[in-house]
Structures are given as structure tokens and as C-alpha cells.
*Asks:* 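To start, I am sharing the structure in question, which I have written as C-alpha cells.
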Amino acid sequence: MPETSDEYQRRLKKLQELKHKGQDPFGYHSYQRTHSSRQLQENFAELEGQAVSVAGRLIAMRGHGKSTFADLQDANGTIQIHARVDVLGEERYEDYCELDLGDIVGASGELFGTRTGEVTIRCEEFVLLAKALRPLPEKFHGLQDPELRYRQRYLDLLANDEISQIFAARSRIIKAARDYLTEHDFLEVETPVLQPIYGGAAARPFTTHHNALDMQLYMRIAPELYLKRLIIGGCERVFEIGRVFRNEGIDTRHNPEFTILEVYQAYTDYEDMMALTENLVATMCQTVHGGLTFTYQGNEIDLSPPWQRMPLIEAINEYSGVELTNLEDTEVARRQAIEAGLEAERLSDQPLGYIIEKLCDRFVQPNLIQPTFITDYPVSISPLAKRKSDNPQLTARFEPFIGGEEVGNAFSELNDPLDQRQRFEAQAAARAAGDEEAHPLDDDFVQALEYGMPPTGGLGLGIDRLVMVLTDQPNLREVILFPLLRPVDDQR
RNA sequence: GGGCCGUUAGCUCAGUUGGCAGAGCAUCGGACUUUUAAUCCGAGGGUCGCAGGUUCGAUUCCUGCACGGCCCA
């Protein structure tokens, strides 16, 4: 709404008149509340007849001449306020009637129940704690426009009750994971977000610059390489929950910054990480659903362990019919993928690993509704994972899928510094061939490995994706408070 | 990157086969001392996303652009 609108100007005038009268609503620094609206609603039997005070946003007014009902909204609910001219007096009652929807108000008085049973405060005193100059979205339909919901999330939270429930669930899910890990003797750590060399995932980074050191820095795409340095340092069990940044497209499953949980445990392998994944996700689910079953986009999902396991090559064979027997013959794989239905032009000049990932994305992933570990990814697309002892072309790696969504990545960590260097060199070659997501060589990390890293299992979980699945949201933006959108000028 | 769809009052949405722009809520004025999507009477509020084109006339048709949504890649 433009500031020239009648409504804005009318409210601005009210504010100025209040200031003239020495009642600047923005002059208050605090307000003493005795109860929240929820406490009043839940404990009415004990509190009836007591003097109470509340504060919140005025979201509805129903005037009846010499008395007025209003609804005040605070963090966890609403409470009705009843103002009467014979209680407040003529002057204060008129002031009360001048309040606008959206104003932040403190009110106090005796708690009573109306004849319809509504818990209500008889308004004996009230104070305007902040003036709302702009009107709120309509109360009945809420705020529907997805663009406005994301751009002005505060209005979404005010107008749509269920939104705050999603973010409360998100908070509980993260707390559940953190509690589980700390109770199992994992050390929570924080590693650099600004990194001179990025790594730990196949992604393009955001680049920035440090002025004093006059050096290029990258926003991390993963904390992995630092957490493994801590394993080398003897920490044995570490985890980090933090934001990572990937300079790629935005869609229903991707936001340029998202929250990752990474866990590393010395003397374990990827099978131990499967068990840890089952336990962690079960704990998260318990805190939201009170059990291990829930619905995601119409599908009943059961997280009871053990989850199904399926080697990637077998899964591709089962769901696409493509039989990848020779993991070195890219041409055969490309021809088979095209026959299976992948677009030929997308696969030309692409390495085998890319073709395998596309086959999985297209044919396998949509079928993985019940929790499933896809295992044994090729070495070429797993530069930080340990080779399988029985097949050096494959790695001891898995990705967990739930509800058709990829929610993580884990493996037995590669701890052979000589092999790691070769893998980095293969990545450098891929980069030279045009793969912008290939890992840069991290000499410092290889040097760390040369001091000896115990065999270690590592796990990364995408928190946003998990929250999306566990709260039955169809879109990642529904579980990120402020998703990235293009800025827009005020023309609209 | 491609396809489809959307953008009309503060919000939620109608609508115009091209001819003065509509509703509900919100707002303003009036009535009303137990309402709760309060009710009743009356009123105001619009660059119809932006820019071009076609036309006597465009919010409507065409083109481009912006932002967003869904699907595909």
C-alpha cells in the first residue's frame, strides 16, 4: 500500500495526534504481562475473577455502541478483551475505539467468561504499545498470494495460523537431532563458513573477497573437509548443524542457502551411518508425529528400521531397465540411457557419472516413497568416499530417500591420502573438461590425511528437506522463513 | 534454459465476446452494553503489473519485459 493512501494517512494522523497529547505509543520500553493468551485459555478455571494483563496485536474489533469486543493475538493464541464505557470512562473508551486493527496493545483487568463461554478480559486499563500504520491482510482468507507470503513472511505468520506450526516443528526437529547426538557423546562444533578452498560436495560456490587480506574467499558448500580434520585431530565424534551455500538454481527442492547436519564418527563405516540415519530420522519423526508413521503428499510412510537397501546399479536396472554391467563404457551407458528415455542432447559429452545420476533422478528416485538407502555409488562421482573392498569401481556410500526426496548423503570416508590425491586430480581433469561442479584440489586437506585419519563413517542430512517431508509440505520454501526471491522495485 | 498459468481496491477474488470497473472482508459516517467471519443503514476507495502495437476506443486482442506459481530440463 502506498504511503499516500487514505488508510495510511489516517493512521499516521492518529499517531501524530497521540504524540501531541503526550501519548507516544513508541515511547514504551516494556509491558508487564501476567499471562499469555494460551495460559488464560488453558487455566481459566483457576484464573477466573483474577486481575490479569496481556499484550498482543489487535486482530479484530466488534463494536456494540457502549461496549466493544476485541481479539488480541500473541505468540500462541488469542484472547478476547471486552471494553465498556462504564468501566473505562467516556474519554478512555473513546480512545479505545480509536485503536486500529494491527495495533500492538497491552490490556489488563478481571478475567471472566461470557455467556457463550468465551474467556475474556474486562478491560480496566489499556495502553497502545505500537501503532500499525498499515492494515493487516484480510482475516478470513488469510494471505494467499505466495509471492507476498514469502516476501512479507511476517504477514504470513500473522494471518495464517498454520505457518508458525511448521517453523515450530522445524525447531523441534533440529533440537531432537542435536539432543540425540550430544546424548551419544558427539561434540557439536562450528567450522569456517568463509573458506579459501571450498569442497565436500559437487556444487558451484559463492565467491567473496576479504579486504584486509586481499584474498578471494568462498562461502562453504559443505563443512565436510573441516570436520574430517577434526577426526584427524582425535575428536572421534563430531557434528555440525549449519548453513551451506550453493550457487545454483532455485526450485521447489533447492534454495541457494540451506541447513545441513553433518556427522562424523571414527571407527565406523557407512553401514553404521545407515543405522545412525535410521535413529536420527526416527527421533526427528517422533518429536513431530509421536510415532514412526506419517503422511507425505498423500503417501503413508513408515520409518521403522531397518530401511530398505538397494545398490544404485540394481535400482537403475529395476526401475529403468538399463543394465550397467561395465562401469567404464560411457558410450554403451549413454546409448542405453537414451533408449530408456533420457534426452540425447542432455547426455552428449557427459561423463558416465552424470548419466548414472540422471538415470537415478529420473527413474529411481520417484519410486523411493518408503525410506530407502541407495548404496554403492561409482567412484567417479564419489571423490571423498572409500572404495568398496570387493569392487574398487564402487564406493561404500549411500543416499537416503524418503517420500521420493533425497534427504542426505553418507559414506565410509576415504582416508588414504594417496588415493585422495588421485581422486582430486581426477576432479581437476573433470573441471578442465568443463565440469564446474568438480572439486578443486585441497592440498591442505590431503596433507591432513597424511597424518592419519582413522576409518570413519560420515553422514550429511538435508535439514530443510527432512522438515519438508516430516511436515508434509510440497515445497522447500514452505520450511524456509525467508527464501531467496528476486528483489522487486516498488512499482508493483 | 523451455512449456503452461497468474498479476484487477489494503486482503481474498469475480468480471469485461473491445464501449464509464464489481463483490466480500478491511476503511469512513450512523445505530447498537455479551459479540466472536457480530448485525443493520449509508459512503469512499482502482495507472486492471510495466512498456509498446492494433483500434474511433484496450483492463480485455497482439508483442516484449518484470515478478511469481506449477511442470519439464
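Each chain gets a letter, A, B and so on, in the order its sequence line appears, and its residues count up from 1. Side chains are part of it too, since the values below use all heavy atoms of this structure and drop only hydrogens, waters and symmetry mates.
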*Asks:* So A:Leu441 and A:Gln427, do their side chains get closer than 4.5 Å, heavy atoms only?
*Replies:* no
*Asks:* Between A:Arg431 and A:Glu436, is there a salt bridge with N-O shorter than 4.0 Å?
*Replies:* no
*Asks:* Which nucleotide, B:A73, B:A38, B:A37, lies nearest any side-chain atom of A:Phe140?
*Replies:* B:A37
*Asks:* Would you mind reading off the distance between A:Lys66 atom NZ and B:U35 atom P, rounded to a whole angstrom?
*Replies:* 17 Å
*Asks:* Going by the angle between their ring planes, with limits at 30° and 60°, are A:His439 and A:Phe424 parallel, tilted or perpendicular?
*Replies:* tilted
*Asks:* At a heavy-atom distance below 4.0 Å, what parts of residues 38-48 of chain A sit against RNA chain B?
*Replies:*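 Contacting residues: none.
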*Asks:* For nucleotides B:C11 and B:U17, find the distance between their P atoms and express it as a whole number of Å.
*Replies:*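 It comes out at 27 Å once rounded to the nearest Å.
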*Asks:* Under 4.0 Å between a side-chain N or O of A:Arg362 and OP1 or OP2 of B:C72?
*Replies:*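 Answer no for this pair, as no side-chain N or O of A:Arg362 is under 4.0 Å from OP1 or OP2.
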*Asks:* Can you check the A:His82 NE2 to B:A38 C1' distance for me, whole Å?
*Replies:*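 Taking atom C1' of B:A38 as the reference, NE2 of A:His82 is at 12 Å.
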*Asks:* Check step by step if salt bridge (charged side-chain N to carboxylate O under 4.0 Å, His left out) holds for A:Asp71 and A:Arg62.
*Replies:* CA-CA 9 Å; A:Asp71 295 335; A:Arg62 296 176 291 278; 3.1 Å; yes
*Asks:* Using a 4.0 Å heavy-atom cut-off to protein, can you give one letter per nucleotide of nucleotides 39-47 of chain B, 5' to 3': B if the base is in contact, S if only the sugar-phosphate is, - if neither?
*Replies:* ---------
*Asks:* Please collect all ring-ring contact (aromatic ring centres under 6.0 Å, His included) contacts where either partner lies in residues 355-377 of chain A, sequence neighbours excluded, each pair once.
*Replies:*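 Sorted pair list: A:Trp307-A:Phe373, A:Phe373-A:Phe398.
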*Asks:* Less than 3.5 Å between a donor and an acceptor, one on the side chain of A:Thr114 and one on the base of B:U35, is that the case here?
*Replies:*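 Yes.
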*Asks:* Name the nucleic acid region contacted by A:Thr68, choosing base, sugar-phosphate or nothing; use a 4.0 angstrom heavy-atom cut-off, strictly under.
*Replies:*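 Nothing, no heavy atom under 4.0 Å.
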*Asks:* Check every strand shown and say whether A:Tyr93 touches a base, only sugar-phosphate, or nothing at a heavy-atom separation below 4.0 Å.
*Replies:* nothing
*Asks:* Under 3.5 Å, is there a donor-acceptor pair between the A:His20 and A:Glu17 side chains?
*Replies:* no
*Asks:* Using the side-chain heavy atoms of A:His141, tell me which of these nucleotides is nearest: B:U12, B:C28, B:U33.
*Replies:* B:U12
*Asks:* Counting the atoms with a prime plus P, OP1 and OP2 as sugar-phosphate, which does A:Arg122 contact under 4.0 Å by heavy atoms, base, sugar-phosphate, or nothing?
*Replies:* base
*Asks:* Check whether more than 12 heavy atoms from other residues, nucleotides or ligands sit under 6.0 Å from atom CD of A:Glu162, and answer yes or no.
*Replies:*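 Yes, because the 6.0 Å sphere around CD of A:Glu162 holds more than 12 heavy atoms from other groups.
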*Asks:* Among residues 97-108 of chain A, which ones have heavy-atom contacts with RNA chain B below 4.0 Å?
*Replies:* A:Leu101
*Asks:* Rounded to whole Å, please give me the gap between CD in A:Glu147 and P in B:C70.
*Replies:*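 Roughly 12 Å, once rounded to whole Å.
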*Asks:* Run the numbers on A:Arg33 and A:Ser53 for side-chain hydrogen bond (donor to acceptor under 3.5 Å, both in side chains), then give the verdict.
*Replies:* CA-CA 5 Å; A:Arg33 293 190 275 183; A:Ser53 62; over 6 Å; no
*Asks:* If a stem is a run of at least 3 consecutive Watson-Crick or G-U pairs, both distances under 3.5 Å, which stems include RNA chain B?
*Replies:* B:1-7 with B:66-72, B:10-13 with B:22-25, B:27-31 with B:39-43, B:49-53 with B:61-65
*Asks:* If the plane angle is over 60° it's perpendicular, under 30° parallel, otherwise tilted; pick one for A:Phe112 and A:His82.
*Replies:* tilted
*Asks:* Starting at atom NZ of A:Lys13, determine the distance to atom C1' of B:C28, rounded to an integer number of angstrom.
*Replies:*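 About 12 Å, once rounded to whole Å.
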*Asks:* Between B:A31 and B:A14, how far is it from one P atom to the other, in whole Å?
*Replies:* 37 Å
*Asks:* Heavy atoms only: give me the nearest A:Asp302-A:Gln370 pair and the separation to one decimal.
*Replies:* N-OE1, 2.9 Å
*Asks:* Please walk me through it: do A:Tyr296 and A:Gln473 pass side-chain hydrogen bond (donor to acceptor under 3.5 Å, both in side chains)?
*Replies:* CA-CA 8 Å; A:Tyr296 176 60; A:Gln473 295 303 308; over 6 Å; no
*Asks:* If you check every side-chain atom of A:Glu138, which of B:C67, B:C70, B:C25 has the closest atom?
*Replies:*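 Per side-chain heavy atoms of A:Glu138, the pick is B:C25.
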*Asks:* Touch check for A:Arg149, heavy atoms < 4.0 angstrom, all strands: base, sugar-phosphate only, or nothing?
*Replies:* nothing
*Asks:* Once you round it to whole Å, what is the distance between C1' of B:C25 and NZ of A:Lys139?
*Replies:*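 Those two atoms, NZ and C1', are 7 Å apart.
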*Asks:* B:A9 P sits how many Å from A:Leu148 CG, rounded?
*Replies:*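 Atom CG in A:Leu148 sits about 11 Å away from atom P in B:A9.
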*Asks:* If you count every heavy atom of other residues, nucleotides or ligands that lies below 6.0 Å from A:Gln216 atom CD, does the total exceed 12?
*Replies:*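 Enclosed.
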*Asks:* Between B:C28, B:U12, B:U34, which nucleotide has the shortest distance from any of its atoms to the side chain of A:Arg115?
*Replies:* B:U34
*Asks:* What is the glycosidic conformation of B:C20: syn, defined as within 90° of 0, or anti?
*Replies:*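 Syn, angle within 90° of zero.
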*Asks:* Roughly how far apart, to the nearest Å, are B:C25 and B:A58 at atom C1'?
*Replies:* 31 Å
*Asks:* Checking only heavy atoms, does the side chain of A:Arg62 share a donor-acceptor pair with the base of B:U35 at less than 3.5 Å?
*Replies:* yes
*Asks:* Determine the interatomic distance between P on B:G69 and the same-named atom on B:U27; round to the nearest Å.
*Replies:*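 That atom pair is separated by 31 Å.
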*Asks:* Hey, is the side chain of A:Arg486 poking within less than 4.0 Å of OP1 or OP2 on B:A66, counting only N and O atoms?
*Replies:*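 Negative; the distance criterion is not met.
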*Asks:* Just checking A:Asp71: base, sugar-phosphate only, or nothing, at a heavy-atom cut-off of under 4.0 Å?
*Replies:*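 Counting heavy atoms under 4.0 Å across all strands, no contact is made by A:Asp71.
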*Asks:* Taking B:G44 as the reference, what is the distance to B:U7 when you measure between their P atoms (whole Å, please)?
*Replies:*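 The answer is 27 Å between these two P atoms.
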*Asks:* Atom CG of A:Asp145 and atom P of B:C5: how far apart are they, to the nearest Å?
*Replies:*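 Rounded to whole Å, this separation is 19 Å.
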*Asks:* Take atom CZ of A:Arg309 as the centre, draw a 6.0 Å sphere, and report whether it contains more than 12 heavy atoms from other residues, nucleotides or ligands.
*Replies:*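 Buried by this count: over 12 neighbours within 6.0 Å.
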*Asks:* If I pick the C1' atom on B:C32 and the same atom on B:U39, what distance separates them, to the nearest angstrom?
*Replies:*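 It comes out at 9 Å once rounded to the nearest Å.
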*Asks:* Closest heavy-atom contact between A:Asn475 and A:Arg253?
*Replies:*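 For A:Asn475 and A:Arg253, the tightest heavy-atom pair comes out as CA-NH1, 4.3 Å.
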*Asks:* Out of B:G69, B:U33, B:C13, which has the shortest distance to the side chain of A:Leu485?
*Replies:* B:G69
*Asks:* Calculate the interatomic distance between A:Tyr8 atom OH and B:G10 atom P; express it in whole Å.
*Replies:* 15 Å
*Asks:* Are more than 12 heavy atoms from other residues, nucleotides or ligands located less than 6.0 Å from atom CD of A:Glu46?
*Replies:* yes
*Asks:* Please report the interatomic distance CD(A:Glu399) to CD(A:Gln365), rounded to the nearest 0.5 Å.
*Replies:* 8.5 Å
*Asks:* Just distance, no hydrogens or angles: give the donor-acceptor pairs under 3.5 Å from side chains in residues 119-131 of chain A, sequence neighbours left out.
*Replies:*
| from | atom 1 | to | atom 2 | distance (Å) |
| --- | --- | --- | --- | --- |
| A:Thr120 | OG1 | A:Gln80 | NE2 | 3.0 |
| A:Thr120 | OG1 | A:Glu118 | O | 3.0 |
| A:Glu124 | OE2 | A:Glu110 | N | 3.3 |
| A:Lys131 | NZ | A:Asp100 | OD2 | 2.7 |
| A:Lys131 | NZ | A:Asp103 | OD2 | 2.9 |

*Asks:* Among B:G69, B:C11, B:U35, which nucleotide has an atom closest to any side-chain atom of A:Glu118?
*Replies:* B:U35
*Asks:* Given B:A37, B:C70, B:C28, identify the nucleotide with an atom nearest to the side chain of A:Lys14.
*Replies:*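 The answer is B:C28, which lies nearest to the side chain.
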*Asks:* Base, sugar-phosphate or nothing for A:Gln80? Non-hydrogen atoms, less than 4.0 Å.
*Replies:*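 Here A:Gln80 touches the bases of the nucleic acid.
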*Asks:* Would you classify A:Asp251 as touching base, sugar-phosphate or nothing, given that sugar-phosphate means primed atoms plus P, OP1 and OP2, and contacts are heavy atoms under 4.0 Å?
*Replies:* base
